[in-house]
Amino acid sequence: MDDSSTLHVQKHVEFIKSLDNKKDLESLLTEHIRMNGAYWGLTALDLMGSLNDLDQDKIISWILQCQHDCGGFGGNIGHDPHILYTLSAVQILALYDKLAVLDSSKIASYITGLQQNDGSFYGDEWGEIDTRFSYGAICCLALLRRLDAINLEKAITYIVSCKNFDGGFGSTPGGESHAGQIFCCVAALAIAGSLHYVDKDLLGWWLCERQVKSGGLNGRPEKLPDVSI
Amino acid sequence: MHGRPRKRGGGDGGASEQKEKAKIAFLEPLQAQVLQNHHNCCYTKEALQKNARLLELNPEVNTAWNYRKLALRHLIASEQDVEVHKALAREELRVIEMALARNYKSYGAWHHRKWVIGLGLSLLENEFRLLDKFMDADARNFHAWDYRRHVASVQGAALEKELEFTRKKIYDNFSNYSAWHKRSTLLSQLFKENGVDILKHSTLSSEFELVHQAFFTEPDDQSAWFYYNWLLDHAAAAPDPKLLSTWPSDAVLITIDEQSEPSQLLHFRGISGLEETILLEGVPIFLCFSKPVTGVSGLTVSVQSVPDSKQALHGLWKPVANKGGASNIWSADLNHFTDAKIKKRVYELSYNVRIEIGSTQGIISQDGHPFLGPVHLTFVLRSTFVGSYIVKDDIHGEQNLKIVEDDKWEPHPEQALAAQSLSMLEKVTWSEKLMKEEIGLCRELLELESSSKWATLTLARLLEVQQNISQDKRLTLRNNTAEVLQLYEKLTRIDPSHAEYYQDRHSLNLLDQITSDSAQLKERWSIGLHGSVLGRDIGILWLNGLSLSKLGYMERLLSLQMLDLSYNHLRALDGLEALQFLVHLNLSHNLVSCVHTLRPISKLQRLRSLDISHNKLTGNSYTGSGVSVAVCWDLSSKNRMATPSSHTFEYLNDIEDVFKCMNLEELAIAGNPGASDNQFRVSLLESLPSLKLLDCKSVP
């Protein structure tokens, strides 16, 4: 029997479930991004029809403990708030269809406070700017039905200013095109009904050139393929 | 985290397990301590050292970097001596370097460095030295490139110096995509600042020189080819928006049959050169630009028509496809038949309508380039009366009309298309001579490397570009198209994983050829009777069975009322929104798989019959968590205040988004996976209240 052509769904489910209580070095080193990890793991479980294999109430209670007074969420209990973990938190609650437990206004005002005059977004109070955070803001607010909380037009203008000669997008204006950043920018523009700013033909072609002979995809030209892409 | 090989367990007798346990035993309490110090705002030397130790082991802990910023602020505030401040900053930079040694891609580390430098306590020159070290280790490290850009701008480094740096990096390694990218941004910036268009500058030749070196040395390396493609795109077409086509087109005669009130039958010579008829209420005008533009209004477009030059238009110019307030296509209605009084003014039988697009400045493309007008078009409207009848007129009383002799006013259909392309002549910024040289060079390379996908693709592009910039487009098209099509066919063979992309380009070239040749259009034209509009002959254009995967040049077919695109390979329908007169569209037996792919069709207000049977449409799968897919927002409010913006948001699903604006009477969806999905059908029926027939069965 050819094993390599079957997806061993149950094994993947068990692996993800085991991550919940794992205490190895890898888990310790990634403790600060547990919120992201939870989102990826739970989405995968949902796709495999096993979302309820993990304790929903326990997870939701943990998520709420990660929220700060400012409205933003940290990556784990005791960790500082950041837009990336705020997005993951909201995404998980949307997955569970439990957005109602959140105070949308509080989260919306946290995100409003992160937007800058040029439309860009800080990741947190310390001022790192990146189009990943633009996506974080727009996706999060769309899920909460609160896109009115930011200046969407300026947010779009900023994202468009990060468009490059190859049709791709970088992290900031002038930043090299990278598939991860492109996902964030294109997704943000799609949510905002602004895909007409994307040069679909050019970017589409650049993206399909990310596929290498092995069949895998790289994030940028002449780079190695990576599962995350 | 990326690019790490998977660890295979066991094999060393538990020694690695012991090591890991020791690491955990050290790291766990350290992490806890660091967080505790952070919460307690403890900024002692010991606390800072512990924090540094953590970051050295795990530079990804963002909270730990935040702590350092708070600590530094606190320490700087409690000390007056600037030298102490500088020492503190130096220590931070040292910690960062250690962290970067662990992971030179750590966002937290690089941002902390930026923050520390921002305090103004360190020398910027050192930063360049550090950057050189990182660039030598990995020339593609985008963190380093981004940081270098930041430091260069803080220092006010000259763009030319940075340009020289990229040239050096490219000579070190032609496949340094990061360097080519940087070059593109620098050149764009340089020419923007000097107000010069990149393509008009002699620098262009030296850029081509650099690229030639690259692809003759390493023809398989993609970086230079991407850059070359960019140069071509910019050299071939100036960025200002062009007026591609209009309806009515220039120098056309439109004969209006007055008898069929309230609508009128308009006769004119259409795209095939044959007589066409449209049933309309009023006379619309469509302007079709090459890019989405804003600013089309009564100020920027002047319309003069005798007898009513005062109020030539009925209402305002409207964007047909609202793309953030801009649109490729704008429409307005001529005030010809809307006023009952004018209808009865029988002494005016025919008159000219003169339109000047860009009469004043103000039409601007969405990416900020002004339309360079003015462009003129003139057409003639003529009313016909069959027989004679009495008309009452307020001013002239009763009048007895006679049959009007239709004197032979011959518009020149060829002239119409040609007139437009002359008046909209591309500002040829690149000489045809230079074009021939580049093509020659590419052919040379292909002789050496016949299976080079990049050289083959670029030759096809060069030939396409040559068509666009040549003075005699039609001749060049005829000469080049066969070869271009062959090149794309070759590409699907030598690079099969990208076959669909080459098929798209093949389709575009095929459509370019067909739509610019009136003989071919005539061949594909026939008169068809459409069921819902009895007694009237409408022309139908047959573009079926051409293996088309993509559409283009639809702006050349503006007057189309019926179109058959069945039995093709269409996956996208962009371009169809230009066909504003379309009443019937056949897209059966294609490859449309998403409902939102149908969006261009939702702009076709006159469409009554749509056949999308035998495609790949699935049911709306975005169910379950109740999270919607599409967001529509209304930019009609011109409220440009600071924050927040005052748009309205509608959260719709795909089917509602596409179909609720349409007035379809007939729809065919059989043969799609979604056709058997009840929710899909229900959603459709709810969005289309005017629907009479679904898959040829009456709708209850």
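As the structure is a computational prediction, the values presented were derived from the model and not from experiment. Note on naming: letters A, B, ... go to the chains in the order of the sequence lines (proteins, then strands), and numbering restarts at 1 for each one.
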Donor-acceptor contact present, side-chain A:R220 to main-chain B:S178, <3.5 Å: no
Donor-acceptor pair, side chain of A:H32 and main chain of B:E60, under 3.5 angstrom: yes
Evaluation steps, side chain to side chain contact (heavy atoms under 4.5 Å, CB included), between B:L457 and A:W205: CA-CA 12 Å; B:L457 179 58; A:W205 173 59; 3.5 Å; yes
Test side chain to side chain contact (heavy atoms under 4.5 Å, CB included) applied to A:D124 and B:N66, step by step: CA-CA 10 Å; A:D124 62 10; B:N66 297 349; 3.8 Å; yes
Under 4.5 Å from a heavy atom of chain A, the part of B:D495 involved: side chain
Side-chain donor or acceptor of B:H39 paired with backbone N/O of A:G78 under 3.5 Å: yes
Chain B contact via A:L195 - side chain, backbone, both or neither, heavy atoms under 4.5 Å: neither
Atom NZ of B:K23 with >12 non-hydrogen neighbours under 6.0 angstrom: no
Results of side chain to side chain contact (heavy atoms under 4.5 Å, CB included) for A:L29 - residues two or more places apart only: A:L25, B:L27, B:N58
Structural part of A:S171 lying under 4.5 Å from a heavy atom of chain B: side chain
Region of B:K550 that comes under 4.5 Å of a non-hydrogen atom in chain A: side chain
Interface residues of residues 158-168 of chain A facing chain B - heavy atom cut-off under 4.5 Å: A:N164, A:F165, A:D166
Max heavy-atom pair count under 4.5 Å with chain A, selected residue of B:S184, B:S223, B:A572: B:S184
Any donor-acceptor pair under 3.5 Å from B:H111 side chain to A:I129 backbone: no
Which of B:L57, B:D367, B:N62, B:D504 touches chain A most, by non-hydrogen pairs under 4.5 Å: B:N62
When B:W65, B:W454, B:W180 are compared by non-hydrogen pairs under 4.5 Å with chain A, the top option: B:W454
Interatomic distance, A:D130 atom CG to B:D146 atom CG [nearest 0.5 angstrom]: 8.5 Å
CD (B:Q18) with more than 12 external heavy atoms under 6.0 Å: no
Nearest non-hydrogen partners of B:Y501 and A:D201, listed with the distance: CE1-O, 4.4 Å
CA sep, side-chain torsions, deciding dist, call: A:E128, B:Y107, side chain to side chain contact (heavy atoms under 4.5 Å, CB included): CA-CA 9 Å; A:E128 187 186 1; B:Y107 283 96; 3.6 Å; yes
Side chain, backbone, both or neither of B:N229 within contact of chain A (heavy atoms, under 4.5 Å): side chain
Evaluation steps, salt bridge (charged side-chain N to carboxylate O under 4.0 Å, His left out), between B:K453 and A:E209: CA-CA 12 Å; B:K453 145 221 170 134; A:E209 285 291 337; 2.7 Å; yes
Engaged part of B:T63 at the chain A interface, taking heavy atoms whose separation is under 4.5 Å: both
B:K114 NZ to A:W126 CH2 distance, which is reported to the nearest 0.5 Å: 15.5 Å
Region of A:P173 that comes under 4.5 Å of a non-hydrogen atom in chain B: backbone
Distance (rounded to the nearest 0.5 Å) between A:K223 NZ and B:R140 CZ: 6.0 Å
Side chain to side chain contact (heavy atoms under 4.5 Å, CB included) between A:E222 and B:N176, intermediate numbers included: CA-CA 8 Å; A:E222 305 304 331; B:N176 193 337; over 6 Å; no
Test side chain to side chain contact (heavy atoms under 4.5 Å, CB included) applied to A:S50 - qualifying residues, sequence neighbours left out: A:V13, A:L45, A:D53
Heavy-atom neighbours of A:K22 NZ exceed 12 at 6.0 Å: yes
Residue B:F226 versus chain A: region with a heavy atom under 4.5 Å: both
Neighbour count above 12 (heavy atom, 6.0 Å) for B:E500 CD: no
Heavy-atom contact with chain A under 4.5 Å, split by part of B:H38: side chain
Contacting moiety of A:N117, where chain B heavy atoms sit under 4.5 Å: neither
Nearest-0.5 Å distance, CD of residue A:E125 to CG of residue B:L70: 6.5 Å
Run the side-chain donor-acceptor check on residues 28-36 of chain B: report pairs under 3.5 Å with partners two or more places apart or on a different chain.
unit_1: B:Q31; atom_1: NE2; unit_2: A:L28; atom_2: O; d: 3.4
unit_1: B:Q31; atom_1: NE2; unit_2: A:E31; atom_2: OE1; d: 3.3

Minimal non-hydrogen separation, B:Q222 against A:P221, with atom names: OE1-CB, 3.5 Å
Heavy-atom contact with chain B under 4.5 Å, split by part of A:Y197: side chain
Engaged part of A:K200 at the chain B interface, taking heavy atoms whose separation is under 4.5 Å: side chain
